[in-house]
Amino acid sequence: AQPKSMRGIKLLISAGPTREPLDPVRYISNRSSGKMGYSIAKAARQAGADVTLVSGPVNLPPPDDIDVISVETAQQMFAAVMNHATRCDIYIGAAAVADYRPARMQEHKIKKHMADSVIELSQNPDIIASVAGLSAKPFVVGFAAETDDLENYASQKLRDKNLDMIAANLVGQDEGGFDSERNALQVFWPGGGQHFAMTEKNHLAHQLLNLITEKFHEKNPA
Ligand code: C5P
């Protein structure tokens, strides 16, 4: 399919993992290469969108002609996203945000004199639910990585977080998901869904953006 034009559309996208420090040398994080989010950011730019990318730490080159804001923690990602959310048309939350952070960051490296130890955790803000809760909210697209019962969990998240669309992928399979160049997606919106077969993340990004652009225009007729 030909890419739909995204000219004039302001897209905000978050990608990659977040890192939650325990001490100056250790952190808690999620498995995420950032490839899916970066592919979407680049594909949207190619389609003519104005793109802002809020990125956690990844091993990917910053894409050309995209405004990149680098963050480490979920709280930093939350601040950066909320700072731009009211000025964008579409927000895509493709980041693997850590749900919890160590309640305290130790100033010095923790020594290994303890036999067993307990890390106290505090809950991080839910970034995408906060964007979807804004009164002047953009068109909000979430991601869901699930190991089982994809449809149930994804459609529950669509409702609970008040999203306009959710793109779900099965992880822990032979192909696709973390670190992979390829992925398959099952996309849901209120009242419908579409399956995208296993393909390169770059190609998948264009397919997903075509669908997002179509649904965005349905919701916001010119
Ligand atoms: O609930 P779960 O983490 O599986 O939901 C995934 C979706 O929620 C993704 O779009 C992810 O970027 C977003 N999320 C978020 N803030 C969090 C946790 C998840 O924006 N603290």
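Numbering of ligands and ligand atoms starts at 1, following listing order.
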Side chain, backbone, both or neither: Ile166 near ligand 1, heavy atoms under 4.0 Å | neither

Partner of Val81 by side-chain contact (heavy atoms from CB on, under 4.5 Å), out of Val71, Leu12, Ile69 = Leu12

Does Lys161 come within less than 4.0 angstrom of ligand 1, counting non-hydrogen atoms of the residue?
-> yes

Partner of Asp23 under side-chain contact (heavy atoms from CB on, under 4.5 Å), chosen from His108, Lys111, Arg104, Gln106 = Gln106

Is any NZ, NE, NH1 or NH2 atom of the basic residue among Arg45 and Asp64 found under 4.0 Å from an Asp or Glu carboxylate oxygen of the other?
-> no

So how far is it from Asp89 CG to Leu11 CG, rounded to the nearest 0.5 Å?
-> 9.0 Å

For Ala95, take its heavy atoms, then give the atoms of ligand 1 lying under 4.0 Å from any of them.
-> 11 (C), 12 (O)

With a cut-off of 4.0 Å, which atoms of ligand 1 are near a heavy atom of Gly142?
-> 10 (O)

Is Phe143 close to Ile40 at the side-chain level, that is, under 4.5 Å between some pair of heavy atoms?
-> yes

Atom 4 (O) of ligand 1: closest protein heavy atom, distance to 0.1 Å, is Lys157 NZ, 2.4 Å

List the closest protein heavy-atom neighbour of atom 10 (O) of ligand 1: residue, atom name, distance to the nearest 0.1 Å.
-> Gly93 O, 2.7 Å

Give the residue and atom name of whichever protein heavy atom lies nearest to atom 18 (C) of ligand 1, and the separation in Å to one decimal.
-> Asp99 OD1, 3.4 Å

Asn124: heavy atom below 4.0 Å from ligand 1, yes or no?
-> no

Answer yes or no: is there a side-chain heavy-atom contact under 4.5 Å between Thr73 and Thr18?
-> no

What part of Ile128 sits under 4.0 Å from ligand 1 if we count only heavy atoms: the side chain, the backbone, both or neither?
-> both

Nearest to atom 6 (C) of ligand 1, what protein heavy atom do you find, and at what distance?
-> Phe143 O, 2.9 Å

Test of proximity, Ile127 against ligand 1: N or O pairs below 3.5 Å = yes

Less than 4.5 Å apart, any side-chain heavy atom of Ile9 and any of His217?
-> yes

Looking only at heavy atoms, is any part of Pro125 under 4.0 Å from ligand 1, and if so is it the side chain, the backbone, or both, or is it neither?
-> backbone

Reference residue Tyr91; test side-chain contact (heavy atoms from CB on, under 4.5 Å); the match among Ile127, Asp164, Ile13 = Ile127

